[in-house]
A.B. asks: 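Got a structure for you, questions after.
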Amino acid sequence: QVSCWSAAYNFGGILFAVDPKTRAKARLLQFQTISDEKKLETVYSLTLPKFDAKTKVLSTYHMGRGVGDCGEIGEWRWTGKNFKLTGYWNKADCDGKVFDIGNRDPKWRVFPFRK
């Protein structure tokens with residue numbers, strides 16, 4: 001990960017896939033996220049990325065406010081070559097109720113798309 005930006009309570013960066021045998025051929029990763037129009041879009045920078053090597057899941061959490069009561073959570077699974085979007089949650093209402101990386105309530109799920 002290469003840090004690219006920071007704010008009061010969020011920071012973000014770009015991520016690379018690197019083969020230890022050929023470090024000079026590091027590959028910039030791209031990620032599908034959900035746009036405000038609820039459509040898939042491609043981005044390069046992620047907010048507060050966290051990778052679990054055991055499960056091969058990368059998650060992000062973009063806080064809408066410092067108290068952490070709104071924002072977006074994304075989750076991708078490593079396929080062996082890229083990360084595939086497996087879930088995306090958005091809580092737009094900053095209502096004082098906690099919304100953090102562990103809170104993936106189905107009512108806030110955006111992807112897989114709700115019917």
Side-chain angles (χ1 to χ4, degrees):
Q1 176 184 344
V2 175
S3 182
C4 294
W5 61 271
S6 65
Y9 40 83
N10 287 320
F11 66 86
I14 55 177
L15 291 92
F16 292 85
V18 181
D19 181 339
K21 297 174 188 169
T22 56
R23 292 181 188 270
K25 294 183 180 180
R27 181 172 47 90
L28 176 63
L29 296 173
Q30 55 187 348
F31 302 89
Q32 285 192 309
T33 61
I34 307 299
S35 71
D36 291 339
E37 295 81 31
K38 306 292 188 264
K39 295 180 181 178
L40 290 171
E41 68 179 0
T42 300
V43 300
Y44 296 94
S45 175
L46 295 178
T47 304
L48 302 172
K50 182 179 178 184
F51 181 67
D52 183 328
K54 185 181 269 188
T55 64
K56 302 210 180 307
V57 171
L58 174 71
S59 56
T60 63
Y61 173 40
H62 186 91
M63 289 183 276
R65 297 195 312 178
V67 296
D69 64 344
C70 57
E72 298 178 10
I73 296 170
E75 186 176 87
W76 299 262
R77 183 172 305 279
W78 181 248
T79 66
K81 185 174 180 179
N82 293 303
F83 282 97
K84 181 179 179 180
L85 181 64
T86 57
Y88 209 81
W89 297 260
N90 182 325
K91 182 175 182 259
D93 187 15
C94 300
D95 57 8
K97 296 177 184 167
V98 176
F99 177 70
D100 61 22
I101 196 73
N103 190 348
R104 293 180 170 107
D105 192 311
K107 69 183 169 191
W108 299 316
R109 188 183 73 209
V110 180
F111 183 88
F113 293 106
R114 289 182 281 183
K115 295 183 182 194

A.B. asks: Scan residues 6-26 for pairs that pass salt bridge (Lys or Arg N to Asp or Glu O under 4.0 Å), counting only residues two or more places apart or in two chains.
C.D. replies: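 Every pair satisfying salt bridge (Lys or Arg N to Asp or Glu O under 4.0 Å) with a residue in residues 6-26: there are none.
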
A.B. asks: List the residues meeting side-chain contact (heavy atoms from CB on, under 4.5 Å) with Lys84, not counting sequence neighbours, and say none if there are none.
C.D. replies: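 Testing Lys84 for side-chain contact (heavy atoms from CB on, under 4.5 Å), a comparison that skips the adjacent residues, returns Thr79.
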
A.B. asks: Can you list, by chain and residue number, the hydrophobic cluster partners of Val67 when the side-chain cut-off is 4.5 Å?
C.D. replies: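 Taking Ile, Leu, Val, Met, Phe, Trp and Tyr as members, Val67 stands alone, with no cluster partners.
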
A.B. asks: Taking it one step at a time, do Leu46 and Gln1 satisfy side-chain contact (heavy atoms from CB on, under 4.5 Å)?
C.D. replies: CA-CA 10 Å; Leu46 295 178; Gln1 176 184 344; over 6 Å; no

A.B. asks: Asn10 side chain to Gly12 main-chain N or O, any donor-acceptor pair under 3.5 Å?
C.D. replies: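 Such a contact is absent between Asn10 side chain and Gly12 backbone.
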
A.B. asks: Measure across Trp5 and Ser45 and return the closest heavy-atom pair with its distance rounded to 0.1 Å.
C.D. replies: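 Here Trp5 and Ser45 meet closest at NE1-OG, 3.1 Å.
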
A.B. asks: Can you confirm whether Ile34 sits close enough to Leu85 that some side-chain heavy atom of one is under 4.5 Å from a side-chain heavy atom of the other?
C.D. replies: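 Yes, at least one pair of side-chain atoms sits under 4.5 Å.
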
A.B. asks: If you define the side chain from C-beta out and look only at heavy atoms, does anything of Leu58 sit under 4.5 Å from Phe31?
C.D. replies: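 SC-SC contact between Leu58 and Phe31 confirmed.
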
A.B. asks: What's the spacing between Leu29 CG and Trp76 CH2 if we round to 0.5 Å?
C.D. replies: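 CH2 of Trp76 is found 11.5 Å from CG of Leu29.
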
A.B. asks: Who passes ring-ring contact (aromatic ring centres under 6.0 Å, His included) against Tyr61, sequence neighbours left out?
C.D. replies: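 Scan of Tyr61 (ring-ring contact (aromatic ring centres under 6.0 Å, His included), adjacent residues dropped) gives none.
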
A.B. asks: What residues, two or more places apart in sequence or in another chain, satisfy side-chain contact (heavy atoms from CB on, under 4.5 Å) together with Ser3?
C.D. replies: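 Expected list: none.
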
A.B. asks: Roughly how far apart are Thr33 OG1 and Leu40 CG, rounded to 0.5 Å?
C.D. replies: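 Thr33 atom OG1 to Leu40 atom CG measures 8.0 Å (nearest 0.5 Å).
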
A.B. asks: So, for Asn103 and Val98, which heavy atoms are closest and what is the spacing to 0.1 Å?
C.D. replies: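 Closest heavy-atom pair between Asn103 and Val98: ND2-O, 3.1 Å.
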
A.B. asks: Considering all heavy atoms of both residues, which atom of Ala17 and which atom of Trp78 are nearest to each other, and what is their separation?
C.D. replies: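 Closest approach of Ala17 to Trp78: CB-CH2, 4.3 Å.
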
A.B. asks: Sequence neighbours left out, what passes salt bridge (charged side-chain N to carboxylate O under 4.0 Å, His left out) with Arg65? Give chain and number order.
C.D. replies: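 Expected list: Asp69.
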
A.B. asks: Quick one: salt bridge (charged side-chain N to carboxylate O under 4.0 Å, His left out) partners of Arg104, sequence neighbours excluded?
C.D. replies: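 Partners of Arg104 under the salt bridge (charged side-chain N to carboxylate O under 4.0 Å, His left out) test: Glu75.
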
A.B. asks: Tyr44: which residues meet the side-chain hydrogen bond (donor to acceptor under 3.5 Å, both in side chains) condition with it, sequence neighbours left out?
C.D. replies: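 Once residues adjacent in sequence are excluded, the partners of Tyr44 under the side-chain hydrogen bond (donor to acceptor under 3.5 Å, both in side chains) criterion are Gln30.
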
A.B. asks: Could I get the full list of salt bridge (charged side-chain N to carboxylate O under 4.0 Å, His left out) partners for Glu72, not counting sequence neighbours?
C.D. replies: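 Applying salt bridge (charged side-chain N to carboxylate O under 4.0 Å, His left out) to Glu72 gives none.
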
A.B. asks: Tell me whether Asp93 is salt-bridged to Lys97, with the criterion being a basic N under 4.0 Å from an acidic carboxylate O.
C.D. replies: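 No, this pair does not count.
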
A.B. asks: Tyr88: what forms a ring-ring contact (aromatic ring centres under 6.0 Å, His included) with it, not counting sequence neighbours?
C.D. replies: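 With neighbours one apart ignored, the set is empty.
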
A.B. asks: One pair to check against side-chain contact (heavy atoms from CB on, under 4.5 Å): Val57 and Phe51. What are the steps and the verdict?
C.D. replies: CA-CA 6 Å; Val57 171; Phe51 181 67; over 6 Å; no

A.B. asks: In Å and rounded to the nearest 0.5 Å, what is the NZ to CZ distance from Lys56 to Phe83?
C.D. replies: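 Going from NZ on Lys56 over to CZ on Phe83, the span is 9.0 Å.
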
A.B. asks: Can you confirm whether Gln32 sits close enough to Asn82 that some side-chain heavy atom of one is under 4.5 Å from a side-chain heavy atom of the other?
C.D. replies: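 SC-SC contact between Gln32 and Asn82 ruled out.
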
A.B. asks: For Asp52, give me all partners under salt bridge (charged side-chain N to carboxylate O under 4.0 Å, His left out), at least two apart in sequence or on another chain.
C.D. replies: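 With sequence neighbours excluded, Asp52 shows a salt bridge (charged side-chain N to carboxylate O under 4.0 Å, His left out) to no residue whatsoever.
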
A.B. asks: Under the side-chain contact (heavy atoms from CB on, under 4.5 Å) test, which residues partner Val2, sequence neighbours left out?
C.D. replies: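 Once residues adjacent in sequence are excluded, the partners of Val2 under the side-chain contact (heavy atoms from CB on, under 4.5 Å) criterion are Ile14, Phe16.
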
A.B. asks: Mind listing the closest non-hydrogen atom pair of Trp89 and Asp105 along with its distance?
C.D. replies: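 In terms of heavy atoms, the two residues are closest at CD1-O, 3.5 Å.
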
A.B. asks: A quick test of your reading: do over 12 heavy atoms of other residues, nucleotides or ligands sit less than 6.0 Å from CG of Asp36?
C.D. replies: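 At most 12 heavy atoms, drawn from other residues, nucleotides or ligands, come within 6.0 Å of this atom.
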
